[in-house]
Structures are given as structure tokens and as C-alpha cells.
Amino acid sequence: MKSYITTPIYYVNGSPHIGHAFTSVMADILKRNRKALGYELMLSTGVDEHGQKNQEAAADLGMPVEEFLDMRGKEFRDVFDRLDVAYDYFVRTSRDGHKEAVAGMEQAIFDKDLIVKKNYTGTYCKGCEEFKKESDLTEEGQCPLHPTMQVEQTEETNYFLKMEPFRERLLQHIADNPDWVQPEAFRNELKQMLAEPLEDLCISRPKTRVTLGIELPFDQDFVTYVWFDALANYLTNVDWPNHGYETWWAECEHLIGKDILKPHGVYWPIMLMAAGLPLPKKLSVHSHWVGAGGVKMSKSIGNVVDPIEVIEKLGVDALRWYLARHMRADSDSQISVDLITQAYNSELGNKIGNLLSRAAKFSKARFDGKLPASGPLSAEDEAIRKAVVEATQGMGAWINLAEIPARMQSIITIADEMNNYFAEQAPWDLIKNEETKERCQTVIYVTLDCLRIVMEALTQVIPASAGKALAMLNAPEVACPWTPELDKLQGDSELGEIETLYPRVQ
């Protein structure tokens, strides 16, 4: 069984931001989830190094293009490494194999008379690197995605891919595969994009304007439009067009933000159809992060969240937890350093870390550094054990992108119940009397074994701190395929060194 997960490849004209961090961390969580189910995984992320914006960014810094691309590529890779994103392939579109494959795809489509050369007059957004229809613009005549950037009236000769011949076929694919785009709100949005005849897609830029790109194989005066080039990475990552790519491609799931639904939901499928290739298995779409109070993030306002700043203040798992716990796929969600700090302290710190620390330190102090063996189970013990298995069993099943926050909610809810159980059983009172000492042992064992199950589930989300917790408990290696199982801690075994897992941060 295979699963191939992709993130978009990110423009290197700017440094990595919270949007890049979010998509790549969610992809990593899905990878860890499916690996825990026994799947063979491929996760790709990386950088888009071509196009006008990147060319201008290098010029603004006064750097040679290759040096600029190396610098930015390393910056993105370093951030994803710090985020514990276990990518299998890091994309660089400047790679020779990628460029050769893209040129081959263009030539194949050109040979079918599906690419035409013509003069075009229209509105161009440099931010999107796209020509825009009037209906794409705001009432003020600006691109809604780049409202501070002036659009340009442009007239130039370019090559265009015929789109309309494939529109009905794409609509039929959506109808035949209702889960192809998730969540449903974005499937409906895509269908709306396809409700009217499609204009031809410009797939080139003249070298007089842009030189940073893949030269068209049939006209050396032009380079490939950056989206045509970038989208093809999903195929070239798995060694298309060489034999063997098919098994990965058949299981490909693209994770994308809602702002790039059109390139992935319209341009890319039609490019594939034109090339005679199958479509990806799924498009999983998410909304965006906004600042506290729902205000759009802006450097001038000062509400931009820098992932590196958060990692240095709170640790990587504080950021990973917030991203997983507090995004809603079909609506924009709020983020700020204060909100991340609050979630870290109240959810990871107070509800999970504090319980682990209290129970493990109690066990180590009162039972000679060991985890006591369990005695007979009470109804309360059985109830909490059953609840923990039910709350975590979703992490032992296939998770879709939109389902991640609900899985995290289940874990926080059961953490509350575990804290209530521990407080109600009051092992600090039970230990005082010889008659209730065995009962105390059982409460401690049940609490720590339930925490083990929670932490095993959380290795898919916050692997660094979950791994530390399991080491404290001297837990056995996490099973694969994983499912929540009780009584896997060994009674009368030594506990590891107990440390504060989530120290409080002001």
C-alpha cells in the first residue's frame, strides 16, 4: 500500500512564512498517520525557483541568480527540518531532470496541436504571474490576492494551451469522483470556475521579460510559464516519465491552500488530460491563517507570525500542536504568538504535560523509581481505559486533512477526563494506608498506561515531545500498524528520567 502526499512548491522570492509551515506540517502529520497504518509513504515539498518574481528578488538583492536560489532553497529546507517535516523529496525546479521532463510534456502537447501562438492584450498581475479577466479583479480593478500591487495592461505574443476542449471532461471527473476535492465547499467553488467556457491558458513568457525559466522546446525565444513548470514537479518527483512512477502517481494527494485552487483544480488537470496522463487521486484544500481578531496578517500592522520566532520561544511542538488543533479547513482561522502560547500552556502544559509529570514523579518517588504493577480494576478504571481507547482510535485510522482538528479535540477532551479521574482517585491519599496501597498502584498504572496511549497517538502530530514522554515511561516501541492497546507498560519496571515536558512560558 502506497500514499504519495505533496505540498505546493513555494516561491523563493521571500522567506518561509506561517502558510508554508502550516501546509508542510499538515502533510507531515498525514504522512506519519499513514505510516502508522503500515503504508509506504512519499512526501514531497520544496521550492519553485523560476518566474519573474524570483528573478526580480535576486536582482533586488544584487545576487547572481544561482547563488540566490541556493540561499533561498537552503533557508526553506532548514525551516522544514526545524519543523520536523519528514519529507522524502525536496523539490528544486532548477534540477536538470525536472527541466527535461517539463520540456518533454510541452512538446508532446504541442505535437497534438493543443498549443497555439497568438497575440494577447490584457491585465497582468505580477504577484500571481497570471493574466486576469475583468471578473477576477476587485471593484477597484486590483487582484484580490495582491491588493497592494498594481496590475499592468500588457500586450504581447505568447503560447497558449487550449482549455475549453477539456472543460466538460473535467466536470464529469468531478461528478464521478465526489471526494476528488475536499472539503465540499471547495469542490463547489471549483465547479463554479468551470461553469463557463474557459479561455486558453498562456503557458509562456517572452525572454525579453523573463529569463528565469525552462526554455520552450519548440521556440527558444520563450520560457515556460511558471505554473506550468511548477505543477509538473508532482510528476517529476516520482521519476516521470520513466517506468515505475505509476504506482506512486495513482495514490497522489495534493495539499493546497484555497488561493491556488484554480491552478491545481483547473490548469493542472487539463494539462494532464492534454498530455494523456491520469489525474491525481485527491485535492485536499485548506483555508488561510489570519491575525488575532480576524485581521489579515501584515508586516506593517506587525501581526505576522514567524515560525522560527515561535520555535525559538516555545519549541517546535507548540507550533505544530497549534497548527493541527486550531485550523478549520473550510474557513480562515486566527493565529498569533499569544494564541499559540495560550494553547501551549493550557492544553499541552496543563492538561497533558502536568498530568504526566504528577503521575510519573509520584510513581518514581513512592515506588522506588518504578512503575507499579496493576491490581484489580474498578469500574472507574475500566471506564477511563475504555474512553482513552475510543478517543485515540481515530489516530489508528486514515485521517483526511480536514479531520485533523477534530482528532486533536478528541485528545484534549480525553486529557480532561484523565485529569478528573486522577484527581477523583487521589493516589496521594491511597498511599497513606496499607489497605489501599494496592489500589494506589492500580490508579498510577492506569493513569500512566493511558498516557502512553495518548502519547503514542501524538507521535503523529508532535513527535519530539511525544517521544520524550514515551521514553520517560520506558514504553515499548510504538507498534506498526498502530492501534490503541491497553496494558503495554510493564509493571514493576524502571521509569526513565522524568522532566517537565512543556515548561510554562509567559
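Only a predicted model underlies this, so the values are computations on that prediction, with no experimental measurement involved.
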About how many Å separate CD1 of Ile308 and NE2 of His17, when rounded to the nearest 0.5 Å?
13.5 Å
Donor-acceptor pair between Glu49 and Ser94 side chains, under 3.5 angstrom:
yes
Going by an N to O cut-off under 4.0 Å, is there a salt bridge joining Arg77 and Asp81?
no
Take Ser15 and Glu75, measure what side chain to side chain donor-acceptor pair (under 3.5 Å) needs, and give me the verdict at the end.
CA-CA 7 Å; Ser15 296; Glu75 185 178 0; 2.9 Å; yes
Which atom of Ala27 lies closest to which atom of Leu43, heavy atoms considered
CB-CD1, 3.6 Å
Pair Glu309-Lys313, salt bridge (charged side-chain N to carboxylate O under 4.0 Å, His left out): steps then yes or no
CA-CA 6 Å; Glu309 179 186 323; Lys313 178 182 179 182; over 6 Å; no
Pairing of Asp88 and Lys31 as salt bridge, 4.0 angstrom limit
yes
Between Gly291 and Met297, which heavy-atom pair has the shortest distance, and what is it?
N-CG, 3.7 Å
Minimal non-hydrogen separation, Asn237 against Tyr89, with atom names:
OD1-CE2, 3.4 Å
May I ask you to check whether Lys2 and Thr247 show a side-chain donor-acceptor distance below 3.5 Å?
yes
Go through the side-chain N and O atoms of Thr45 and Ser24 and say whether any donor and acceptor fall under 3.5 Å apart.
yes
Would you call Asp48 and Lys53 a salt bridge, using N to O less than 4.0 angstrom?
no
Minimum side-chain heavy-atom gap Ser287-Phe186 below 4.5 Å:
yes
If every non-hydrogen atom of Gly369 is compared with every non-hydrogen atom of Glu494, which pair is closest and at what distance?
O-OE1, 3.5 Å
Could you check whether Lys281 pairs with Glu251 (Lys NZ or Arg NE/NH1/NH2 to Asp/Glu carboxylate O, under 4.0 Å)?
yes
Do you see a donor-acceptor pair shorter than 3.5 Å between the side chains of Asn354 and Asn350?
no
Is it the case that Thr6 and His254 place a side-chain donor and acceptor less than 3.5 Å from each other?
yes
By the definition ring-ring contact (aromatic ring centres under 6.0 Å, His included), identify the one residue from Tyr11, Trp289, Phe80, Tyr10 that meets it with His20.
Tyr10
Any idea which heavy atoms bring Ile399 and Asn33 closest together, and the distance?
N-OD1, 3.1 Å
Asp381 and Tyr421: side chain donor to acceptor below 3.5 Å
yes
As a quick check of understanding, evaluate side-chain contact (heavy atoms from CB on, under 4.5 Å) for Met472 and Glu499, giving each step before the final call.
CA-CA 8 Å; Met472 291 183 215; Glu499 61 178 293; 3.3 Å; yes
List the steps and the verdict of salt bridge (charged side-chain N to carboxylate O under 4.0 Å, His left out) for Asp487 and Arg385.
CA-CA 10 Å; Asp487 300 323; Arg385 282 155 52 95; 2.8 Å; yes
Measure the CG-CH2 distance between Leu170 and Trp268 for me, rounded to the nearest 0.5 Å.
13.5 Å
Pairwise distance CG(Asp239) to OH(Tyr245) - rounded to 0.5 angstrom
11.0 Å
If only side-chain N and O atoms count, and only distance matters, is there a donor-acceptor pair under 3.5 Å linking Lys282 with Asn177?
no
For Arg34, is there an ion pair with Glu253 - N to carboxylate O distance below 4.0 angstrom?
yes
Going by the angle between their ring planes, with limits at 30° and 60°, are Trp227 and His264 parallel, tilted or perpendicular?
perpendicular
Salt bridge or not for Glu403 and Arg407, using N-O below 4.0 Å?
yes
Derivation and outcome, salt bridge (charged side-chain N to carboxylate O under 4.0 Å, His left out), residues Asp78 and Lys74
CA-CA 6 Å; Asp78 289 348; Lys74 183 180 184 302; 2.7 Å; yes
Indicate yes or no: at least one non-hydrogen side-chain atom of Arg72 is less than 4.5 angstrom from one of Phe68.
yes
Donor on one side chain, acceptor on other, Arg187 and Gln182, under 3.5 Å:
no
Given the options Leu30, Val461, Leu323, Ile404 meets side-chain contact (heavy atoms from CB on, under 4.5 Å) only with Leu30
Under the criterion side-chain contact (heavy atoms from CB on, under 4.5 Å), I'd like the reasoning laid out for Gln490 against Leu371: C-alpha separation, chi angles, the key distance, then a yes or no.
CA-CA 8 Å; Gln490 183 65 47; Leu371 169 73; over 6 Å; no
If the threshold is 4.0 Å, N to carboxylate O, is there a salt bridge linking Lys386 and Glu382?
no
Evaluate Asp28 against Arg32 for salt bridge (charged side-chain N to carboxylate O under 4.0 Å, His left out), listing each step before the verdict.
CA-CA 6 Å; Asp28 179 73; Arg32 292 175 189 271; 2.6 Å; yes
Between Val47 and Thr93, is any pair of side-chain heavy atoms under 4.5 Å apart?
no
Is there a donor in the side chain of His286 and an acceptor in the side chain of Asp330, or the other way round, less than 3.5 Å apart?
no
Under 4.0 Å between a side-chain nitrogen and a carboxylate oxygen: does that hold for Asp332 and Lys296?
no
Shortest non-hydrogen contact between Gln506 and Arg504, atoms and distance
NE2-NE, 3.9 Å
Would you check if the distance from the ring center of Tyr502 to the ring center of Trp321 is below 6.0 Å?
no
Tyr344 side chain vs Pro503 backbone, donor-acceptor pair below 3.5 Å:
yes
Run the numbers on Trp428 and Phe422 for ring-ring contact (aromatic ring centres under 6.0 Å, His included), then give the verdict.
CA-CA 10 Å; Trp428 45 87; Phe422 192 70; 5.6 Å; yes
Selection residues 367-413 - residue pairs positive for ring-ring contact (aromatic ring centres under 6.0 Å, His included), sequence neighbours left out
Tyr39-Trp398
For the CE atom of Met327 and the CG atom of Leu401, what is their distance to the nearest 0.5 Å?
9.0 Å
Is any side-chain N of the basic residue among Arg320 and Asp84 closer than 4.0 Å to the acidic one's carboxylate O?
no
Would you compute the distance between atom CG of Leu470 and atom OG1 of Thr459 and round it to the nearest 0.5 angstrom?
7.0 Å
Any luck finding a side-chain donor-acceptor pair between Asn474 and Ser493 under 3.5 Å?
no
